There are 4 protein chains.
Amino acid sequence: MSLASAREETSRSEKRRQELVAAAFDQIAEHGFEGLRTRDVADAVGVNIATLHYYFPTKEALIGGVLEHAMARFRSTLAPHGSPSTQLLNHLRSVRKLMADEPELGIVMGELALRSARDRSIEKIFNQTRDAWQSAMKGLLRRGVREGNLREELDSDAVATLVIAVLTSLTIPPLRDSPRGDQALRQLERWLGIGGR
Amino acid sequence: MSLASAREETSRSEKRRQELVAAAFDQIAEHGFEGLRTRDVADAVGVNIATLHYYFPTKEALIGGVLEHAMARFRSTLAPHGSPSTQLLNHLRSVRKLMADEPELGIVMGELALRSARDRSIEKIFNQTRDAWQSAMKGLLRRGVREGNLREELDSDAVATLVIAVLTSLTIPPLRDSPRGDQALRQLERWLGIGGR
Amino acid sequence: MSLASAREETSRSEKRRQELVAAAFDQIAEHGFEGLRTRDVADAVGVNIATLHYYFPTKEALIGGVLEHAMARFRSTLAPHGSPSTQLLNHLRSVRKLMADEPELGIVMGELALRSARDRSIEKIFNQTRDAWQSAMKGLLRRGVREGNLREELDSDAVATLVIAVLTSLTIPPLRDSPRGDQALRQLERWLGIGGR
Amino acid sequence: MSLASAREETSRSEKRRQELVAAAFDQIAEHGFEGLRTRDVADAVGVNIATLHYYFPTKEALIGGVLEHAMARFRSTLAPHGSPSTQLLNHLRSVRKLMADEPELGIVMGELALRSARDRSIEKIFNQTRDAWQSAMKGLLRRGVREGNLREELDSDAVATLVIAVLTSLTIPPLRDSPRGDQALRQLERWLGIGGR
DNA sequence: AATGAATGAGAGTTCATTCAT
DNA sequence: AATGAATGAACTCTCATTCAT
């Protein structure tokens, strides 16, 4: 087998893994963990249930794949550029946009968040992501104050926490779909002194 | 059977219903909807599984009971008195206290919130509660502004939404247990101009 | 419910347990442990597979029931009366008869014996039975020598072991069905000086 | 391809077959037929499961290989030399030694013996081996009597059967590991008038 | 000669629900 | 009002076997 076809082989296999993860993701978004059935996942991809177990030995392993996928999808929103206040504004709006465009991601994150209370491996990854988010946010706020883009009196740590709290609440159904999410964010922007109007 | 014993009979029956609901509530808090088993609920109360079905014909009916119970428990926190800004402060703190003292309620509310995306009957009750909360909050803020306890420029509707968003985020694991919940709330109080310090 | 019907209830339940054990016994006799399927056992009794699990939570528990049953069936052969040499002769012949009349018991004992090498709980019960058998046999031989029914020079312990070895070998297919089993036993009787001819 | 390399190819292929048979043998010894998994066999040899099926089209075929292997291993013990009584003694002791040194062989023979009740092809080979063994033993005894090494009154056929029965019982767990196996054999030697103390 | 990927059939086990008592 | 017994339908996971490469 040539190197090229070996690479092809690898990617074909990896593709199947991702198809399965994507299908599982969709199932969770639609029916919750409560309604996640390995057979439905396999059916959605069009493979036998045994094939699913060939890639993911247990349901738990499949969920692990979904966790990774969701986290990666979410983290990709955190890449910032521009002045601190612009970055902050962009971040708030891109998270909001992400939740509006892909409500499934919000649902799955919510399901994972709840599950993190019962599943150590999920909890660990969740905490890591949250800490990274928190310190990125804090650094952004601090730089904003230093560069004069944000109000002086602002306590970067507490505000970072509050901002994350508000963004997190966007994943919860009552706020996700309604225009209230936008409303809450705009008020936050006002208090932060960014975003105009 | 005398009227008295009939009433007794009824209340004894009602007590059993509530025991079952409480046990189901605990199960959901500990294992999520994913891990809710009617048999475990019956065992926890010490009755036969068939007895549970005598009181709640289906699992859904039992979950309905839990929903009612959780909502009632939560709404009881919303009864305020004192000046608007004091009321607001009290409300923020009592919700925070409730989440700290009874984390199970937060978990179950979270589980129900997620389920509301899939279950019309839950969604309906959730929306009602949210709307009642929102308009109570809005009224409070408006009165606060009118009476001079709160800043003039405050847009009562947007702020009400934001406050509810922050309070809601307290039910989510990453914020529930850590001191960050308090941190976020204190920052919110500062922005609202209540709570001193 | 009256005491009588309670007793009836108990025995009806016990009866079902025994039906299931008997069916499992038959399956093992016919197909070995290798071919033991809980579904077939349930079908043989005419109940749903879930009913089987109502009585025996796991397959292992069912096998435990079969073990008990087989052992009890076997031990019932050990009840002796008459003079020692008569008892000994009776014992040899009744074990042989048991194996000839109920070859299934021999097969199942063989399957259990092999499994005892891998399963501590089976091993334990097997060893107990063997020890009880060994000491009963030894006592019988010793009394036989003392009462003059058996040769003086006989080493009761070694002979007891040998007798048990020969009887045990009767459960193994090559000796079980053929007339060779009888032949071996008759030779043993001759050496023991019992059984005439 | 030259003749030499063709032969090499064949023998390399034969070697792989034997590796697989040996691995299957070990699996049966450790887990019984009940726990024999073709995948484990392939893994033990370090080849893909599909490779196993290249050499043995079905699991039955693999078991056939194990049967042959076990029988060959066992028959090799039956080659005797010396005077009849010495040969007999050697035979008893070498069988005992074989069982003590390689208990796996005993286990696998036991598993095969049980399976012979259900599998015609195993039964056939088992009967052949047993018959060969029986007539070799009988001839040995007859010659022993003729040459004055063994007691006159001895019925060679019955005694041969008995000896084989005792040796067979050595493969069964309760007698295999304990010192009782030796005890039984020594008593047998005493009755045969060979081996002395 | 060897492999990765895939599968059909079936394994033991679970669970909400029912029903006679 | 309460129970023991029973069940249908499903669930996750397993295994011998196949096939394209």
Side-chain angles (χ1 to χ4, degrees), chain A residues 1-2 5-6 8-10 12-13 15-17 35-42 45-62, chain B residues 9-10 12-13 16-17 35-42 45-62, chain C residues 1-2 5-6 8-10 12-13 15-17 35-42 45-62, chain D residues 9-10 12-13 16-17 35-42 45-62:
Chain A
M1 195 191 290
S2 72
S5 72
E8 223 176 72
E9 204 62 32
T10 309
R12 200 179 300 164
S13 173
K15 192 186 155 209
R16 182 118 293 179
R17 288 181 72 87
L36 178 61
R37 301 288 173 262
T38 52
R39 225 162 208 105
D40 294 343
V41 172
V45 174
V47 299
N48 188 280
I49 175 67
T51 300
L52 183 150
H53 277 92
Y54 178 76
Y55 288 93
F56 298 93
T58 65
K59 191 184 182 181
E60 223 48 42
L62 178 62
Chain B
E9 207 60 34
T10 309
R12 201 182 294 165
S13 176
R16 184 122 287 184
R17 284 181 69 88
L36 177 62
R37 303 284 173 267
T38 52
R39 215 159 217 114
D40 294 343
V41 172
V45 172
V47 300
N48 188 279
I49 175 66
T51 301
L52 183 148
H53 274 89
Y54 176 78
Y55 289 95
F56 297 94
T58 67
K59 194 183 183 182
E60 282 316 301
L62 179 62
Chain C
M1 194 191 290
S2 72
S5 72
E8 223 176 73
E9 203 62 33
T10 309
R12 200 180 298 166
S13 173
K15 193 187 156 211
R16 182 119 292 179
R17 287 182 71 86
L36 177 62
R37 301 287 173 261
T38 52
R39 242 170 195 96
D40 294 342
V41 172
V45 174
V47 298
N48 187 280
I49 176 64
T51 301
L52 184 150
H53 277 92
Y54 178 76
Y55 289 94
F56 298 94
T58 65
K59 190 184 183 181
E60 224 48 42
L62 178 62
Chain D
E9 207 61 34
T10 310
R12 200 181 297 163
S13 176
R16 183 122 287 183
R17 287 181 67 87
L36 177 62
R37 303 283 173 268
T38 52
R39 216 159 215 112
D40 294 343
V41 172
V45 172
V47 299
N48 187 281
I49 176 64
T51 302
L52 184 149
H53 274 90
Y54 175 79
Y55 289 95
F56 298 93
T58 65
K59 193 183 183 181
E60 282 317 301
L62 179 61

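Since the model is a prediction, treat every value here as computed from it, not as a measurement. The sequence lines fix the lettering, A, B, ..., with proteins before strands; numbering per chain opens at 1.
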Legend entry - Euclidean distance, C:Arg39 CZ relative to C:Asn48 CG, rounded to 0.5 Å: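 If we round to the nearest 0.5 Å, C:Asn48:CG and C:Arg39:CZ are 8.0 Å apart.
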Inset, instruction - With rounding to the nearest 0.5 Å, note down the distance linking NE2 in C:His53 to OG1 in C:Thr51. - result: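 Here the rounded value is 11.0 Å.
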Phosphate OP1/OP2 of [N]: any [X] side-chain N/O under 4.0 Å:
X       : N     : result
C:Ser13 : F:dA5 : yes
D:Tyr54 : E:dA1 : yes
D:Asn48 : E:dA2 : no
C:Arg16 : F:dG4 : no

Whole Å only: how far is the [atom1] atom of [X] from the [atom2] atom of [N]?
X       : N      : atom1 : atom2 : value
D:Ile49 : F:dA16 : CD1   : P     : 7 Å
B:His53 : E:dC15 : NE2   : P     : 13 Å
B:Phe56 : E:dT18 : CZ    : P     : 16 Å
A:Lys59 : F:dA10 : NZ    : C1'   : 12 Å
B:Leu62 : E:dC15 : CG    : C1'   : 14 Å

Legend entry - Comparing B:Glu60 and A:Leu52 on DNA chain E - which has the more 5′ nearest nucleotide: A:Leu52
Legend entry - C:Tyr55 side chain, from C-beta outward: closest of F:dA6, E:dT13, E:dT3: F:dA6
So what does [X] hit on the nucleic acid, given a heavy-atom distance under 4.0 Å: a base, only sugar-phosphate, or nothing?
X       : result
A:Thr51 : base
C:Leu36 : sugar-phosphate
A:Arg39 : base
C:Arg37 : sugar-phosphate

Inset, instruction - Can you run through DNA chain E from 5' to 3' and write each base as (, ), [, ], | or . depending on how it pairs? Watson-Crick or G-U wobble, both distances under 3.5 Å. - result: .||||||||||||||||||||
Inset, instruction - Would you mind telling me which residue lines up with the more 5' stretch of DNA chain F, C:Val47 or D:Thr38, judged by nearest nucleotide? - result: C:Val47
Legend entry - 5' precedence on DNA chain F between A:Asp40 and C:Ala50 (nearest-nucleotide basis):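 In this pair, the answer is C:Ala50.
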